[in-house]
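Reviewing the structure listed below.
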Amino acid sequence: MTQLFDKQKSECFSKVDLSRKGSIDEPIEGIIRYINNHKDYFSLSSCSGRIIVFAENDSTDIKETERDIDQPALEEKKPVNKVVKAGCEWVHVSHGPVDPKEVISKILARTGKPGCQVVKFEPFILHVQCRDQDAAKLMHTAAVEAGYRNSGLTLGRAGKIVSAVRSTHGLEVPLSSEEGDLLVSETYIQYLLEKANKKLQENFARIGKFEEKIKVHLSRESLNKARPAGKGGRRPPPEREPKKTDNSSCEETVNPEVEDLGDFFSNL
């Protein structure tokens, strides 16, 4: 299983980045590089979060599972063919805060053409293949502690384990009819774009927290593995974070989602 993981990691890094952008988003280059440099992980796909305006028709259904999210390898950028979704026209795409006036001008310029225009904010998403269940549990724990409550694990038949880091604080609002007639005011569009900018900033703050959590957990894991074995060849139990207390209670705060995941693995 270990040799298969190493082979899959090597093959993944040799592939061309087929995302629409063609490279990893700058806000998450550091955390992606850190994960990929660890022997137990490699990223399959990622997106730092983005604000988009697109025009769709009746046959277009943009879902998170169809996102052209960036591939993992942080290597020399390679030319790739432009990715085009059938029936979807990109009006504006940004992985950083947008200028409402600039975006509104693009929306108005397209008004009157067939296709419903939509403003959408998509939060950070990351898929990481893990060497084993222990590595997957650690990644999931860090994600949940950072606030990514919608994270989960996928166990493949061949033993492939993937940790999905994701949240639910998205935004999607239609602006026009299928005929292209604008249904809302420019003032409301500006409000939506400012709201999306705020969500994007909150998104970046949460990414920073996730990066801190994953580094703490991986550092603690390395320290525990390096500790000398005790009597009988057993290693001392891993160090735990101190209990959180206040003036009214001395009970340890336990995240039920993490506890449930531990029960899941113990029953395998």
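In this structure, OH on Y41 lies 9.0 Å from NZ on K39, to the nearest 0.5 angstrom. Atoms CG and CD1, from L108 and I189 in turn, are 6.0 Å apart once rounded to the nearest 0.5 Å. Expressed to the nearest 0.5 Å, how far NZ of K137 lies from OG of S163 amounts to 13.5 Å. The distance from atom CD of Q129 to atom CZ of F42, rounded to the nearest 0.5 Å, is 3.5 Å. To the nearest 0.5 Å, atoms CD (E178) and CD (Q117) are separated by 11.5 Å. Atom CZ of R50 and atom NE2 of H92 lie 12.0 Å apart (nearest 0.5 Å).
In terms of the side chain to side chain donor-acceptor pair (under 3.5 Å) criterion, residue partners of K215 (sequence neighbours excluded) are, by chain and number, E211. Partners of E102 according to the salt bridge (Lys or Arg N to Asp or Glu O under 4.0 Å) rule, which considers only residues two or more places apart in sequence or in another chain, are K106. Residues passing the side chain to side chain donor-acceptor pair (under 3.5 Å) test with S94: none are found, sequence neighbours excluded. Partners of S105 according to the side chain to side chain contact (heavy atoms under 4.5 Å, CB included) rule, which considers only residues two or more places apart in sequence or in another chain, do not exist here. Every residue two or more places apart in sequence or in another chain was checked for a side chain to side chain donor-acceptor pair (under 3.5 Å) with E11, and none qualifies. By the side chain to side chain contact (heavy atoms under 4.5 Å, CB included) test, K113 is found to be paired with R110, residues two or more places apart in sequence or in another chain being considered. The side chain to side chain donor-acceptor pair (under 3.5 Å) test applied to E212 returns no partner, not counting sequence neighbours. Taking the salt bridge (Lys or Arg N to Asp or Glu O under 4.0 Å) definition, one finds that R206 meets it with nothing, sequence neighbours left out. Under the side chain to side chain contact (heavy atoms under 4.5 Å, CB included) criterion, A164 pairs with H127, R166, sequence neighbours left out.
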inquiry  = Evaluate L183 against L175 for side chain to side chain contact (heavy atoms under 4.5 Å, CB included), listing each step before the verdict.
reply    = CA-CA 6 Å; L183 302 175; L175 305 176; over 6 Å; no

query = When you look at M139 and I214, which way does the side chain to side chain contact (heavy atoms under 4.5 Å, CB included) test go after all the steps?
reply = CA-CA 7 Å; M139 180 66 64; I214 193 64; 3.7 Å; yes

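Side chains of V53 and I107 form a contact here, defined as non-hydrogen atoms less than 4.5 Å apart. Considering only heavy atoms from C-beta on, H217 comes within 4.5 Å of T141 through its side chain. Inter-residue side-chain proximity for E179 and P114 is flagged as unmet; no heavy-atom pair is nearer than 4.5 Å. You'll find the side chain of K120 reaches within 4.5 Å of the side chain of F54, heavy atoms only. The closest side-chain heavy-atom distance from V128 to V162 is not below 4.5 Å. By the 4.5 Å heavy-atom criterion applied to side chains, H38 and L218 are counted as neighbours. F5 is not listed as a side-chain neighbour of I161, based on a closest heavy-atom distance of 4.5 Å or more.
The shortest non-hydrogen separation linking G49 to H95 is O-CD2, 3.5 Å. Closest approach of S46 to L126, counting heavy atoms only: CB-CD1, 3.8 Å. Heavy atoms only, all atoms of each residue included: C130 and A136 are closest at SG-CA, 3.6 Å. Residue C12 comes nearest to L44 through the heavy atom pair SG-CD2, 4.4 Å, listed as atom of the first residue, atom of the second, then distance. Across all non-hydrogen atoms, the minimal contact from I28 to C47 is CD1-C, 4.0 Å. The heavy-atom pair separating L192 from L171 by the smallest distance is O-CD2, 4.0 Å.
Sorted by first and then second residue, the ring-ring contact (aromatic ring centres under 6.0 Å, His included) pairs involving residues 173-197 (not counting sequence neighbours) form an empty list. Contacts classified as ring-ring contact (aromatic ring centres under 6.0 Å, His included) and involving residues 153-176 (residues at least two apart or in different chains) are given here: F121-H169.
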Donor-acceptor list for residues 193-200 side chains, cut-off 3.5 Å, not counting sequence neighbours:
from: E194; atom 1: OE2; to: Q190; atom 2: NE2; distance (Å): 3.1
from: N197; atom 1: OD1; to: V98; atom 2: N; distance (Å): 2.8
from: N197; atom 1: ND2; to: V98; atom 2: O; distance (Å): 3.0

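Not a single donor-acceptor pair under 3.5 Å links the side chain of D40 to the backbone N or O of D132.
For F204 and F124, the gap between ring centers reaches or exceeds 6.0 Å.
Under 3.5 Å, the side chains of N36 and S43 contain a donor-acceptor pair of N or O atoms.
Aromatic ring pairs are classed by plane angle as parallel below 30°, tilted from 30° to 60° and perpendicular above 60°; the pair Y148 and F210 is perpendicular.
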